[in-house]
Amino acid sequence: RKFSKDVYHRSPPYPPGPRPRIFLGNMFDFPKSKVPQTYLAWGKKYQMEGPILHASSFGKHFVILNRFSDAEELLERRAKIYSDRTQLPIFKLMGWASLTGLLPYGNEWRMHRKLYQKHFRSEAIPDYHPLLLAKVRDLLRGLLITPERFGDHSMMFAASIPMETMYGYNVKSLEDPLVQAAHTSINLATTLLLQGSTLINIFPILAYLPTWFPGAGSLKMAKTVQDLTSTSEHSLFHFAKERTDQGHHARSFVARSLSQNKGSDAAIEDEAAVRDTASAAFSAASDTTNSLLGTFFYLMAKHPEVQERAQKELDAVVGTSRLPHFDDRPSLPYIEAIFREVFRFQPPAPIGMSHAVMEDDVYKGYFIPKGSDVISNIWAMAHDEDVYPNPMDFKPERFFDEAGNLNDDERVLAFGFGRRVCAGRYLASSIMWITMASVLACFKLEESKDEFGNEIEINDDFDESGLMIHKAPFKCAFVPRSPAVIQLMNE
Ligand code: HEM
């Protein structure tokens, strides 16, 4: 019966893709670098009738989507069966199995999403505005005093917002052991989450090797992630809980959720959900924000003409006697276009997170078996020449229509799709918008000079680390636009 079921299911065929080897499948074909670009090249090479692709590894199926219309159809219109996450052995080994982004589609995941919906839906975001404005002010002052350390300032900014919003924990320095622990564990984890990065996911038995065993590198990495995650999660959660128990008036996500739970029957279960949700938010928010900031600084320093137009708009709308506020957003269309173009140019997680298929499906005449991982190539969608002509150019103007108004292409592909779409997207959008507007209001970014006064060229490289991408280190200068803005930043 099993055999005849398989034969039946193999017609229709799998989508096209690289030819699999017996047993191994395409294990050696999966790229370790330039991942989205390689999948796009596969699309050009193998596609016959549609840009959806198939590859396999040890019997596991992968479907790759290079076009938005396919992601929209499968991950959104058919979300009912395209919203799971494959449970990999490495999740448990890293201690990440109960983080929202990795949970299977089910009740626990629903409870997490409900918490996000309550605290991070669009209407809840103004509650965070005062905190975001204060953090932006810290960032601006850092850029003013030690501009050459802009990389550290963005890392600090990106770490301190989730620490404060989730736990009410005020990060004072990047050397804070909790921040260090979180950064190291996220870097290691995003590497282990990339397809094909560890054999443990294919041969779970390898998880039982001792960590000193030759070749047990990823096991050792997973153990480090587990230790660091549990230490920082535990300390931060207890910090927030203790403050709530002591009656501190705290506005953090943990404090608010726990005080609302008090006395409810589900309190214990809810407490675990609150802890895991807060921890998931830190890992999801800090690295993505840091990646976008690096890309933004780089693109601004490379495009003085864009800065000039943005600053004209800011001066006309906001003036020079105050810094931008969230209420200014609808009146600043060019800043909005820059915001959209930065997210399009380099999505921080260029291939998003795979969605697992919960039932056999057929799409465009191709068979997509239950359990397949569907990879959305966000980078390729954001560089689709039919939608974004000359996609490698940075051109905020592409978001204006012929009449000079912002077009309706508001969708930020970088946030993913369907029921698993980024749960923090409204917060992330506010963070990035206010940062871009404020930095442009205060500084002119330009090439810095060496000791002989020669301009130092800005490289165009990006560093891939697992699922994430960051601008490679570069030098640039932040020149305050006027004495008045220096005073505003210091106020
Ligand atoms: C700064 C920019 C950010 C980007 C570009 C980003 C991007 C993404 C992407 C691509 C996904 C996977 C979507 C999918 O599966 O289709 C995701 C999931 C998620 N993001 Fe974000 N994110 C950002 C910020 C944040 C923030 C600030 C938070 C929390 C406050 C957050 C919380 C989450 C969570 C919890 C998930 C898992 C959702 C689920 O599996 O149901 N993210 N994000």
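Ligands are counted one by one from 1 in listed order, and the atoms in each one are counted from 1 as well.
Residue Arg420 has at least one N or O atom closer than 3.5 Å to an N or O atom of ligand 1. At a 3.5 angstrom cut-off on N or O pairs, Thr288 does not count as close to ligand 1. Residue-to-ligand polar distances place Phe417 within reach of ligand 1: an N/O pair is separated by less than 3.5 Å.
The shortest contact between atom 26 (C) of ligand 1 and any protein heavy atom is with Ala285 CB, 3.6 Å. Remark: minimum distance from atom 36 (C) of ligand 1 to any protein heavy atom is reached at Ala423 N, 4.0 Å. From the protein, the heavy atom lying nearest to atom 11 (C) of ligand 1 is Phe415 O, 4.1 Å. Given atom 33 (C) of ligand 1, the protein heavy atom at minimum distance is Ala284 CB, 3.5 Å. Looking only at protein heavy atoms, the nearest one to atom 12 (C) of ligand 1 is Met353 SD, 3.8 Å. Nearest protein heavy-atom contact of atom 37 (C) of ligand 1 is Gly101 CA, 3.5 Å. Of the protein's non-hydrogen atoms, Gly424 CA, 3.5 Å is the one closest to atom 28 (C) of ligand 1.
Atoms of ligand 1 found under 4.0 Å from any heavy atom of Thr100, numbered from 1 in the order shown, are 35 (C), 40 (O). Below 4.0 Å from some heavy atom of Arg113 lie the following atoms of ligand 1, by number and element: 38 (C), 39 (C), 41 (O). Set against the non-hydrogen atoms of Thr289, the atoms of ligand 1 under 4.0 Å away are 1 (C). Those atoms of ligand 1 that come under 4.0 Å of a heavy atom in His355, given as number and element, are 14 (C), 15 (O), 16 (O). Within ligand 1, counting atoms from 1 as listed, the ones closer than 4.0 Å to a heavy atom of Ala428 are 1 (C), 2 (C), 24 (C).
Between Arg67 and Asp386, at least one side-chain nitrogen of the basic residue sits less than 4.0 Å from a carboxylate oxygen of the acidic one, meeting the salt-bridge criterion. Salt-bridge check for Lys34 with Glu464: failed, with every basic side-chain N at 4.0 Å or more from each acidic carboxylate O. A salt bridge is absent between Lys172 and Asp176; no separation between the charged side-chain nitrogens and carboxylate oxygens falls under 4.0 Å.
Closest heavy-atom approach to atom 7 (C) of ligand 1 within the set Pro350, Gly418, Ala414: this belongs to Ala414. Residue Cys422 holds the heavy atom nearest to atom 22 (N) of ligand 1 of all those in Ser291, Cys422, Ser430.
When heavy-atom distances to ligand 1 are checked against a 4.0 Å cut-off, Tyr116 comes that close only through its side chain, counted from C-beta outward. Under 4.0 Å from ligand 1, the heavy atoms of Arg85 that appear belong solely to its side chain. Only the side chain of Leu292 comes within 4.0 Å of ligand 1, counting heavy atoms alone; its backbone N, CA, C and O stay farther away.
Remark: Arg110 qualifies as a cation-pi partner of Tyr105 under the 6.0 Å distance and 45° angle criteria applied to the six-membered ring.
With His153 contributing its side chain and Leu140 its backbone, the two residues share no donor-acceptor pair below 3.5 Å.
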Between Glu397 and Tyr334, does a side-chain hydrogen bond (donor to acceptor under 3.5 Å, both in side chains) hold up when you go through it step by step? CA-CA 8 Å; Glu397 288 74 12; Tyr334 195 68; 2.7 Å; yes

Test side-chain hydrogen bond (donor to acceptor under 3.5 Å, both in side chains) on Thr100 and Trp109 and set out the steps. CA-CA 6 Å; Thr100 319; Trp109 169 79; over 6 Å; no

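Screening Asp463, Asn459, Asp461, Asp460 for a side chain to side chain donor-acceptor pair (under 3.5 Å) with Lys471, the sole residue that qualifies is Asn459.
Counting heavy atoms of neighbouring residues, nucleotides and ligands inside a 6.0 Å radius, atom NE2 of His238 exceeds 12 of them. With a 6.0 Å radius and a threshold of 12 heavy atoms from other residues, nucleotides or ligands, Lys60 has its NZ atom above the threshold.
Look at Pro348 and you'll find a heavy atom under 4.0 Å from some atom of ligand 1.
Using cut-offs of 30° and 60° on the angle between ring planes, the pair Phe30 and Tyr39 is perpendicular. Using cut-offs of 30° and 60° on the angle between ring planes, the pair Phe68 and Phe417 is tilted.
Using modelled atom types and a 3.5 Å distance limit, the side chains of Thr86 and Asp373 yield a donor-acceptor pair.
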